[in-house]
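Counting starts at 1 for both ligands and their atoms, following the listed order.
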Amino acid sequence: MKVDSLNTLLEQELRDIYDAEKRLVKAIPKMAKAASSEELKNALEEHLEVTKGQVQRLEQVFELFGLPAKAKTCAGMKGLLEEGEEVMDMDGSPELLDAAIIGAAQRVEHYEMAAYGTVRTMAEKMGNDQAAQLLQETLDEEKEADETLTRVAEQVMANMNMEEGMSSGSGSSSRSKSKPRTRTSRA
Ligand code: FE
Ligand code: ZN
Ligand code: FE
């Protein structure tokens with residue numbers, strides 16, 4: 001397609017993110033359902049509500065630019081969510097699956113952070129401070145979600161049993177590193 005102005009480019013970017021967020025509204029509940037840790041389920045469910053607000057915020061941004069709110073397939077998010085599906089099909093301990101789900105979810109957050117930083121800067125350049133501010137708010141929410149996921153990853157991994165060749169993840173409270181490693185079984 002021909003992009004002849006920053007305005008046209010921004011419109012394309014917004015359509016892409018709009019599609020990405022709408023895909024997420026459908027995908028996050030599946031990830032929350034696949035998660036075992038309560039903290040992870042809560043973090044995902046909370047971000048689902050935040051994401052619904054982000055969809056509405058994008059509609060406001062379209063309006064501020066006098067553009068129709070239209071979505072155009074975001075190949076990047078589609079791919080990230082395909083990886084998320086792969087992760088949810090994995091066979092392993094709850095802790096390992098949770099860690100894998102977090103890995104997929106954090107990839108999504110980073111992708112969104114990149115996209116929102118880009119459109120925020122474009123909106124600034126176009127002198128639309130109100131739109132820039134709305135996009136910055138979403139960017140901040142994505143950063144917060146990413147930080148929450150890092151904290152949850154630490155909790156989930158604290159429950160992994162490192163003495164059994166990492167195979168069972170049974171939540172043993174013993175975390176001594178001085179014991180010899182045994183590799184009784186492998187996943
Ligand atoms: Fe988002
Ligand atoms: Zn995209
Ligand atoms: Fe997000």
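- Ion pairing between Arg57 and Glu141 holds under the 4.0 Å rule for side-chain N and carboxylate O.
- Protein-derived N/O/S atoms nearer than 2.8 Å to the Fe ion (ligand 1) total 5, waters excluded.
- Not a single side chain to side chain donor-acceptor pair (under 3.5 Å) links Glu83 to another residue, sequence neighbours left out.
- Residues forming a salt bridge (charged side-chain N to carboxylate O under 4.0 Å, His left out) with Asp19 (at least two apart in sequence, or on another chain): Arg23.
- Partners of Lys30 by side chain to side chain donor-acceptor pair (under 3.5 Å), not counting sequence neighbours, listed by chain and number: Glu85.
- By the criterion of side-chain heavy atoms lying less than 4.5 angstrom apart, applied directly or through intervening Ile, Leu, Val, Met, Phe, Trp or Tyr residues, Val50 is not grouped with Leu58; the two fall into different hydrophobic clusters.
- Between Glu11 and Arg15 there is a salt bridge, since at least one side-chain N of the basic residue sits less than 4.0 Å from a carboxylate O of the acidic one.
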